[in-house]
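What follows is a short report on a single structure.
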Amino acid sequence: ERISGTNKNISNKWINLKIYSPYVLNLTLVDLPGITKVPTGDQPEDVEEQIRSMCYEFISNPNAIILAVTAANSDLANSDGLKMARSVDPDGERTIGVLTKVDIMDHGTDCMEILANRIVPLRRGYIAVCNRSQKDIIDNKSIRDGLAKEQLYFMKHIKYRNVMSKCGTINLSRMLNQILMLHIRDCLPD
C-alpha cells in the first residue's frame, strides 16, 4: 500500500518476505501478479502490458522454473500462464503446470486428462492443488489445516487417489525442491 496505494494499483518493486519454519522447504519463490485485462481502481490503462513485462522479466531467465498456474475449471487452451511460459520455454522443459480450484470443478468432471499430460504436454507435467477458500482465510483456518483438508480431498476422490503423486501442495513443494537440488548438482563444479 505504501508503494502502489490502496486502490488496486501495481508496482514492479519487490517485496521480500522470508519465512523460517521447520515445515517449509528452502526455496526462493517469486509470486507474480495474474494478468489483468481490464484496469480497475487506480490501475493505468496499460496495466496488462505492465504485468506481462514484469512476468517476462522473471520467466525469461533460463534458470527459472515456471509455475504456469491455471484454474482447473477453465479451458487450458486459454491459459495466459501457459501461453507466456511457452513463449520462453517452447519445449516445456522448465515449466510445471499447476491446476488450482480442482475441488470446485463441475460435478462429474475432473482434470485427469491434463494430469496425464495429454492436453498441453509439459516435460515436468502438472500438479493439481486445492487452495484454502476465502472463507477458510476469514475463519483463520491454518495453512497446515488447509493442507490436511487438501490431502483428504485427493485421497477420497475416486480418480485422484490413484495419482496422488500429481496432487497436492506438498507434492508440488517436493517436486520444486527436487528440481532445485538437481539444478544445483548440474550447475556447480564437482
Is it the case that the side chain of [X] and the backbone of [Y] share a donor-acceptor pair, with hydrogens and angles ignored and the cut-off at 3.5 Å?
{"X": "Ser53", "Y": "Glu49", "answer": "yes"}
{"X": "Tyr160", "Y": "Cys111", "answer": "yes"}
{"X": "Arg94", "Y": "Ile66", "answer": "no"}
{"X": "Ser173", "Y": "Thr169", "answer": "no"}
{"X": "Asp136", "Y": "Ser133", "answer": "yes"}
{"X": "Thr95", "Y": "Gly92", "answer": "no"}

Taking a hydrophobic cluster as the set of Ile, Leu, Val, Met, Phe, Trp and Tyr residues connected by side-chain heavy atoms closer than 4.5 Å, whether directly or through intermediates, do [X] and [Y] fall within one such cluster?
{"X": "Ile35", "Y": "Leu82", "answer": "no"}
{"X": "Val129", "Y": "Leu176", "answer": "yes"}
{"X": "Val120", "Y": "Met105", "answer": "yes"}
{"X": "Leu76", "Y": "Leu67", "answer": "no"}
{"X": "Val163", "Y": "Ile119", "answer": "yes"}

Would you compute the distance between atom [atom1] of [X] and atom [atom2] of [Y] and round it to the nearest 0.5 angstrom?
{"X": "Leu147", "Y": "Lys149", "atom1": "CG", "atom2": "NZ", "result": "12.0 Å"}
{"X": "Ile65", "Y": "Ile179", "atom1": "CD1", "atom2": "CD1", "result": "5.0 Å"}
{"X": "Met112", "Y": "Arg118", "atom1": "CE", "atom2": "CZ", "result": "8.0 Å"}
{"X": "Ile137", "Y": "Arg132", "atom1": "CD1", "atom2": "CZ", "result": "5.0 Å"}
{"X": "Leu99", "Y": "Lys166", "atom1": "CG", "atom2": "NZ", "result": "11.0 Å"}
{"X": "Arg161", "Y": "Leu152", "atom1": "CZ", "atom2": "CG", "result": "12.0 Å"}

Which heavy-atom pair separates [X] from [Y] by the least distance, and what is that distance?
{"X": "Ile158", "Y": "Asn162", "result": "O-ND2, 3.4 Å"}
{"X": "Ser60", "Y": "Val88", "result": "OG-CG1, 3.7 Å"}
{"X": "Thr100", "Y": "Ala71", "result": "OG1-CA, 3.5 Å"}

By salt bridge (Lys or Arg N to Asp or Glu O under 4.0 Å), Lys83 pairs with (sequence neighbours left out) none

Hey, are the side chains of [X] and [Y] touching, using non-hydrogen atoms and a 4.5 Å cut-off?
{"X": "Met54", "Y": "Gln50", "answer": "no"}
{"X": "Ile51", "Y": "Cys55", "answer": "yes"}
{"X": "Leu172", "Y": "Val98", "answer": "yes"}

Would you call Asp80 and Arg52 a salt bridge, taking side-chain N to carboxylate O under 4.0 Å as the test? yes

May I ask you to say whether Asp91 pairs ionically with Arg86, meaning some side-chain N is under 4.0 Å from a carboxylate O? no

Could you give me the CA-CA distance, side-chain angles and deciding distance for Cys167 and Val102, then say whether side-chain contact (heavy atoms from CB on, under 4.5 Å) is met? CA-CA 10 Å; Cys167 297; Val102 176; over 6 Å; no

Pair Val30-Leu32, side-chain contact (heavy atoms from CB on, under 4.5 Å): steps then yes or no: CA-CA 6 Å; Val30 178; Leu32 296 167; 3.9 Å; yes

Quick check on Lys141: does its NZ atom have over 12 non-hydrogen neighbours (other residues, nucleotides or ligands) under 6.0 Å away? yes

Other residues, nucleotides and ligands only: do more than 12 of their heavy atoms fall within 6.0 Å of CD on Glu93? yes

For Leu122 and Ile96: C-alpha separation, side-chain torsions, deciding distance, then whether side-chain contact (heavy atoms from CB on, under 4.5 Å) applies. CA-CA 7 Å; Leu122 298 172; Ile96 300 168; 6.0 Å; no

Ignoring hydrogens and geometry beyond distance, is a side-chain donor-acceptor pair present between Tyr126 and Thr70 at under 3.5 Å? no

With distance as the sole criterion, is a donor-acceptor pair present between the side chains of Asn171 and Arg174 under 3.5 Å? yes

Matching residue for Phe154 among Glu150, His157, Lys156 - test: side chain to side chain contact (heavy atoms under 4.5 Å, CB included): Glu150

Got a sec, which residues hit side chain to side chain donor-acceptor pair (under 3.5 Å) with Asp139, two or more places apart in sequence or on another chain? Lys135

